[in-house]
There are 2 protein chains.
Amino acid sequence: MERRAVKDFGSPPITETGMAMPETAARTRIQEKNISAILNAALEVFSGAGFRGATLDQIARAASLSKPNLLYYFKSKEAIHRALLSELLDTWLAPLRTLDSGGEPVDEIVRYVMRKLDMARELPRESRLFANEIVQGAPHILDIIEGPLKALVDEKASLIRKWAAEGRIAEVDPYHLIFSIWATTQHYADFDAQVRGILRPERDRHFDDAARFLTHLYRTALTPD
Amino acid sequence: MERRAVKDFGSPPITETGMAMPETAARTRIQEKNISAILNAALEVFSGAGFRGATLDQIARAASLSKPNLLYYFKSKEAIHRALLSELLDTWLAPLRTLDSGGEPVDEIVRYVMRKLDMARELPRESRLFANEIVQGAPHILDIIEGPLKALVDEKASLIRKWAAEGRIAEVDPYHLIFSIWATTQHYADFDAQVRGILRPERDRHFDDAARFLTHLYRTALTPD
DNA sequence: CGTGATCCTGACCAATTGGTCAAACTCTCC
DNA sequence: GGAGAGTTTGACCAATTGGTCAGGATCACG
């Protein structure tokens, strides 16, 4: 027997991919509210427990919905996860996209570092969501890494290489420069528990020190000669 | 009814903590072999799936044992995890311990970076084991972080600060310097999937480029004036 | 206000999973 | 070679978990 007819009674607002209708703007106010609540709850749970560690019950509870109601909006746990990653992908790549050829190269890169550090402070759950995923081999986003992400990084690596060739920044491997920026900034979100366990900071005070340190680190390493 | 009498027939070689007898040297050759196989299998599975994502069946299969036989050596999944973390803790802290006041400070720190990078290449599973744990809030090792690890980092931070005060390295925040070293080196183990997806390197060739980049990064940033 | 579409729920199910146990097997050492 | 400790296993169990379904409640709108 077929899973679900194309059109029948009680058909939930689910697309073929299992995602709640995203672009097809026809969303009820109720859908708007619940889908948003689900994705927010899913971010909380997935980022804190990883895909396999998260349970539908946890997500449902966090979203103040019953489990069957959850599955009315998304047809499976996988579907929620996919929708969440997909929703956050743009946010995630945005900072690197803004790295542009205008302006002083060293300033431009330091500005990128600061933006990434801000994101680690303001959106730590989003960072941990991707961290969980990648640490375990990126099973759900390998295609994105090897496709759009690689393309974007290749493009920016070219830019950095050009800056180096023009003598406007020091000669460094652009790929490893980008990796180091990701590592040092996301560290404050992904390894938050360790950072706080060691520093025991009041609030987010340590982010200011981190900003100062990273500014020094990259400015000295990138300034030519 | 009591869980298990202190001494009875069929009592497995399990200590109060649920760990297989570690220091009490009285281990059979069979115990030696199986416990080692279990811990190796557990490292493989836990590092790839996280604590909750790992199953006893997976670990048992990887160790070529039946599940009940697994539980003959360790009384629970938690116990295996604890034993594993405990076994690897020293390995994990060893590089930082070797940071000593002898030698030229900049060289000493760069040497530490290289050692950490070597570990990321040679022991990526161990790195990911801890990464998984910490990303999810370090529930099983928070006490270690706040205790022995913090103490060790505090000690080394003092040393670095002294070096800075003596003008032998640049004035940088020692804690954030250490965090950045952890982040940049462990990145190649923890985010291996992403690094390889973007670089598509042959074998581990990219580690040489990483070593060059990190050497430049820290040498320029730490050399005084 | 009625009707069709949307939304929600309790009850239920099969598979997975951590863990137990009694019994059988095997190794060691006298 | 035999006795007792150490080792292994098949069968089993309860709890959890992802997911289903039929029917009832509610909403939007003519």
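The chains referred to below are lettered A, B, ... by the order of the sequence lines, with proteins before strands, and numbering in each begins at 1. Since this is a predicted model, take the numbers as computed values, not measurements.
In terms of the side-chain contact (heavy atoms from CB on, under 4.5 Å) criterion, A/Asp143 has no residue partners (sequence neighbours excluded). Residues satisfying the side-chain contact (heavy atoms from CB on, under 4.5 Å) test with A/Arg125, not counting sequence neighbours, are A/Asn40, A/Leu43, A/Glu44, A/Ser47, A/Arg128. Here A/Glu108 pairs with A/Leu99, A/Asp100, A/Arg111, A/Trp163 under the side-chain contact (heavy atoms from CB on, under 4.5 Å) rule; sequence neighbours left out. Scored by the side-chain contact (heavy atoms from CB on, under 4.5 Å) test, A/Ser158 finds no partners at all (sequence neighbours excluded). Every salt bridge (Lys or Arg N to Asp or Glu O under 4.0 Å) that B/Lys150 has, sequence neighbours left out, goes to B/Asp154.
A/Tyr218 and A/Ser180 share a donor-acceptor pair across their side chains, judged by distance under 3.5 Å alone.
Taking only side-chain nitrogens and oxygens, A/Asn69 never comes nearer than 4.0 Å to OP1 or OP2 of C/dG10.
Rounded to whole Å, the distance from OH on B/Tyr72 to C1' on C/dA24 is 14 Å. Between the C1' atom of D/dG19 and the CD1 atom of A/Ile59 lies a distance of 14 Å, rounded to the nearest Å. Between the CG atom of B/Leu70 and the P atom of C/dG19 there is a distance of 11 Å, rounded to whole Å. Going from atom NZ of A/Lys67 over to atom P of D/dC21 covers 15 Å, rounded to whole Å.
Taking a 4.0 Å limit (strictly below) on heavy-atom distances, residues 49-58 of chain A reaches DNA chain D at A/Ala54, A/Thr55, A/Leu56.
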